[in-house]
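Everything below concerns the one structure shown next.
Within every chain, numbering begins at 1; the chains are lettered A, B, ... in the order of the sequence lines, protein sequences first and strands thereafter. In this text the structure is predicted, and so the values were computed from the model without any measurement.
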Amino acid sequence: MNISDYLSALLLIAGGLFFLAGTLGLLRFPDIYTRLHALTKADNVGLGLMVAGLAIQADSWAVVGKLLLIWGLVLLAGASVAYLIANGALKRGIRLWRR
Amino acid sequence: MLFDALLGLLLLGLAWLLLSCRDLFKAIVLFVAFGLLMAIVWVRLDAPDVALAEVAIGAGLTGALLMSALAKLPVDNPPGRYSNEKTHWLLPLTLALMLLLVASGLGYALWSLPVIAPGLSGEVAANLEQSGVSNPVTAVLLNFRGYDTLLEIVVLLLALLGVWSLNSLDATPATAEKPANLVLDTLMRLLVPLLILVAAYLLWAGANSPGGAFQAGAVLAAAGVLLLLAGWRLPTALAGLPLRLALVAGPVAFITLAALTLLNARLLELPVEHAGMLILLLETFAMFSIGVTLAALFLGQRPQERGGSA
Amino acid sequence: MNSAILYALVGVGIFSLGLYALILHPHLLRKILAINVMGSGLFLVLIALAKRTGEPLPDLVPQAMVITGIVVAFSATALALALMVRVAKENHRAELSDDESQQP
Amino acid sequence: MILHSETPWPALLILLPLAAAMLSFLFPRSAKFTGVVTAIIIALAVVGFGWHLQSEGVYRHAVGGWGAPLGIDLYGDGLTLLMLAVTALVGLAITLYSLDYFNTEQARWFWPLWLLLWAALNALFLSADIFNLYITLELMGMAAVALVALKGGRDALNGAMRYLLATLLGSLAYLFGVVLLYHGYGTVDIALLAERIDHQPVAWAALGLMGAGLLLKTALFPLHFWLPAAHASAPAPVSALLSALVVKASFYIFLRLWFALFAPLGGEVAWLLGLLGALAILWGSWQALRQTRLKLLVAYSTVAQLGYLFVAFPLAAVAGVVLWHGVIYLLISHALAKAAMFMAAGNLLRFGGHDRIVDLNRSVQQLPLSTAAFALAGVSIMGLPPSGGFIGKWLLLEAALQQGQWALAAVMIVGGLLAAAYIFKVLGYAFTPSTSREESIPIPATMAWAPLLLAFASILLGFLAPALFSLLDIGSPFERGAGS
């Protein structure tokens, strides 16, 4: 194991923690809007960290490009779908959670 | 091995959950999750082509179809109407015991199989040179067992014929247009060209690495589904013969090739020197038709034709 | 016990679970899900056992068969769902009607 | 195409209906024309194939030039030819009958679906590959379900749904057997499997699964629960082709696999099949007698007649080849007679607007041809001489009596008597002079003549026995399993 391996491992574990946090939020947060917030925000960062961790290990720039493309697509889809779900929920009259 | 065992248990657990949970919506979501987990298993079993097909068709499009069918069910139908309310406890128990017996018998039969069995791997490897492609799965699908594939894309078209004939009995018109949504619209504009590009890549790559007409067709269909969800509809001028031509292009290309090979007295025998080219050509038509057919299956209703005879 | 036979046994289990649900649950959507689950279990058996080549590369013919099978299963599901929606409209619930009386 | 010495009739028999289905989907307006032309060419191709078999013997064709086990083989012998010929004959009649049966919207879907079903049947009869057979089974089953649902309405849709679930379950069970055989013996070619199969547990498991799946599709008692609703509620030409051809196709696969693979395994299984067959005869005939609606009566009669096919299994160990000739004879004559019956019933239903048996009394005066077709087909179903049904049942009965299987013989005789009872019940009402003269829908000539011709054919079959038996001897599949 050299430095880059340690760095990858660190990034992957950090990414995993973000996913864990996002999932925890999905399960524990009180309403749809906060759950969406937890899910999309944490997972996007988590995936970014994982992509970075894997990119360090990649053999060629082409692989790095593919990894970045995956991240970009997930960001795009996640952001749009989160908006669509929230919008739909709002239109159906689901109230925001207030303490 | 430990990971495999965990994955196996997870699969069994998910299968049980999705088949027994009261809420059907939840069951469908679990089914999609089950499909994604299956895809991981396929990768574990060195079957990346199957993983692609599973994600795109088995989990993705089937999930979309299930959701849209659930939405069409009558509302007064309690979504979670559960089985065991009417039946006595004895029936499930007897059935469970019988199935346990059958499953153990099957398990024993599998257990007694020899540990090493080459199957047809030797034959595939020996004939791969002559097949025109270097991805063995594509070679089996389009050349060694190409006749199966011919019938299989006909099955897909048949499903659409069946769905259209069923829906033609229905008097209610197609669902009203959804209002345009800026975000969805932008997403669609970005993704649809990308999806088409990915489909073309999958088709091209299928010759020597995982991919092929079915996976590519499913990606193409995803673009179509996205368009449909964004409220886009096929122009009525294209909904008649042009659409039907698009749907049958794949099967017709296959049938034509089969008829042409008959002139050489052997059904579907591809000349070695042109096999690669012919397979790519076949796959292109097949991908196109599969994409259109899958998207049409998602829409369900036959698109409105010009002249109003829908 | 190797991973091939492990997954094959899991496949048998999934198939049986699906069959149990198919017979017992009256709701048509659940029956259709059950048939799909059964298919997945079956495909798992087919591909898992293909790993027994004794070499790193598995037997690939079953993989092609499973891709065919997935497409056929999807086609059947599409037809079944469309039929289910129509039946549900006739019966006012997504279950088969029990009476066999034939109306002209 | 004629340039080569070997004209590829079998390939034509598969590709032609496929291509015709595409054409009729693309151009619905000329679909009827496409259908009729296809039916005629298929009939000619079957004759060509018969010629080929007579002169060259058994047919085997390696699709793609690979050959088993890597590729798929087509295979044809005398049994294949007879099945193809019956399909061509019944298919032609159904095609003619359907020209005026459907409304425009239904016709738009009927023609491509029917032609696809035909392609599936031909491909099924010609396949030598158990995985390929799975795909043809699915193609056939889904097309059949879609055709049943074409009628619309509560009964047809419920019947179609039940049928779809049953046929999908049957396919899955069958496919599981394919998986086991492939992994046990490394091939999906029937001939190679026949060489390699032994008494391993996988072979037993495969027999159980494939048997259960195929018998579910063949609607052997008690797996017949889906059949009456589906066959009775479908449009008349569809009922005809379901009862005549579709259930026979899965039986055909079962028979092939039985002789090639499973006969050495299953001495006790043969007795189980015989028992279920006997129960099917009694239960189906009794239910048919109890029905008040004509199409349900005919459907239950199918359940009973399918039972006869299975009664032969326990007798085969001693009786040998001639018994199986009887079974095939029964199968063919039932196909012709039952298709005629369903089409005739369709005419009566269309004419009177109902199919209540007690109110059939106006039909004989107004629809003499359809009533005659029903009566003639009934002669074959009852097994009276000189019909084709007589020869088949006689051979079965003879074997049972020779072997001292009195119970089986008694069941067959009781089944025949019950069949006579339910057919005379219908004819009795049909010949009752009518008192009322209401408005009714006229029946086009093709719809009146198609069932009559089929019914004639099922009677005529009784005179063709020597010729057909010699055809069956071309690569007879029965030699292998008969003596063991």
Counting only heavy atoms not in Phe262(D), do more than 12 sit closer than 6.0 Å to its CZ atom? yes

Portion of Leu243(B) that has a non-hydrogen atom of chain D nearer than 4.5 angstrom: neither

Under 4.5 Å from any heavy atom of chain D - which part of Leu120(B): both

Can you tell me how far apart CH2 (Trp66(D)) and CD (Glu269(B)) are? Round to the nearest 0.5 Å. 8.0 Å

What's the verdict on side chain to side chain contact (heavy atoms under 4.5 Å, CB included) for Val140(B) and Leu70(D), showing C-alpha distance, side-chain angles and the deciding distance? CA-CA 8 Å; Val140(B) 175; Leu70(D) 182 62; 5.6 Å; no

Examine whether an atom of Val188(D) lies under 4.5 Å from a heavy atom of chain B, and if so say whether it belongs to the side chain, the backbone or both; otherwise answer neither. side chain

Search all heavy atoms of Ala143(D) against all heavy atoms of Leu158(B) and return the closest pair with its distance. N-CD2, 3.6 Å

Among the options Asn143(B), Val163(B), Leu245(B), Val252(B), pick out the one with the most heavy-atom pairs lying under 4.5 Å from chain D. Asn143(B)

Can you say whether Leu147(D) sits under 4.5 Å from chain B via the side chain, the backbone, both, or neither, judging by heavy atoms? neither

Using every non-hydrogen atom in the two residues, find where Ser112(B) and Gln200(D) come nearest and quote the distance to one decimal. O-OE1, 4.3 Å

Most chain B-contacting option - heavy-atom pairs closer than 4.5 Å, from Leu116(D), Leu209(D), Leu26(D), Val202(D): Leu26(D)

So CZ of Arg302(B) and CZ of Arg108(D): to nearest 0.5 Å the spacing works out to 4.0 Å

For the CG atom of Leu15(D) and the OG1 atom of Thr256(B), what is their distance to the nearest 0.5 Å? 9.5 Å

Rounded to the nearest 0.5 Å, what separation is found between the CG atom of Leu247(B) and the CE atom of Met22(D)? 10.0 Å

Check whether any side-chain heavy atom of Asp129(D) sits under 4.5 Å from a side-chain heavy atom of Arg145(B), and report yes or no. yes

Check the surroundings of atom CZ in Phe298(B): do more than 12 heavy atoms from other residues, nucleotides or ligands lie under 6.0 Å from it? yes

Does Leu18(D) reach the side chain of Pro251(B), with side-chain heavy atoms less than 4.5 Å apart? no

Just so I know, are the side chains of Leu74(D) and Tyr147(B) near enough to count as touching, which here means a heavy-atom distance under 4.5 Å? yes

Whatever's closer than 4.5 Å to a heavy atom in chain D on Val154(B) counts as both

Option in Ala19(D), Ala146(D), Gly64(D) with maximal non-hydrogen atom pairs under 4.5 Å from chain B: Gly64(D)

Backbone N or O of Phe25(D) within a donor-acceptor pair of the Arg244(B) side chain at under 3.5 Å? yes

Flag the one option from Leu180(D), Leu23(D), Ile135(D), Ile72(D) with the top tally of heavy-atom pairs under 4.5 Å to chain B. Ile72(D)

Residues from residues 270-284 of chain B approaching chain D under 4.5 Å (heavy atoms): none

Measuring heavy-atom distances to chain D, does Ala126(B) have an atom under 4.5 Å in its side chain, in its backbone, in both, or in neither? neither

Of all heavy-atom pairs linking Ser168(B) and Glu105(D), the shortest is CB-OE2, 3.1 Å

Start with the C-alpha distance between Phe27(D) and Leu241(B), add both sets of side-chain angles, then the distance that settles side chain to side chain contact (heavy atoms under 4.5 Å, CB included), and finish with yes or no. CA-CA 8 Å; Phe27(D) 308 106; Leu241(B) 190 61; 4.0 Å; yes

Part of Ala123(D) lying under 4.5 Å from any heavy atom of chain B: both

Polar side-chain atom of Arg266(B) near backbone of Ala62(D) as donor-acceptor pair, under 3.5 Å: yes

Taken to the nearest 0.5 Å, the spacing of Leu113(B) CG from His183(D) NE2 works out to 8.5 Å

Can you say whether Ala21(D) sits under 4.5 Å from chain B via the side chain, the backbone, both, or neither, judging by heavy atoms? neither

Among Val248(B), Val102(B), Asp148(B), single out the residue with the greatest number of heavy-atom pairs under 4.5 Å to chain D. Asp148(B)

Between Leu16(D) and chain B, which part of the residue has a heavy atom less than 4.5 Å away: side chain, backbone, both or neither? neither

Considering only heavy atoms, which portion of Tyr182(D) lies under 4.5 Å from any heavy atom of chain B: side chain, backbone, both, or neither? side chain

Non-hydrogen contacts under 4.5 angstrom with chain D: give the residues of residues 103-110 of chain B involved, or none if there are none. Leu106(B), Tyr108(B), Ala109(B), Leu110(B)

Among Gly186(D), Gly184(D), Pro69(D), residue most engaged with chain B (heavy-atom pairs, under 4.5 Å): Pro69(D)

Looking at CD1 of Ile14(D) and CD1 of Ile255(B), how far apart are the two atoms once the value is rounded to the nearest 0.5 Å? 11.5 Å

Measuring heavy-atom distances to chain B, does Phe176(D) have an atom under 4.5 Å in its side chain, in its backbone, in both, or in neither? side chain

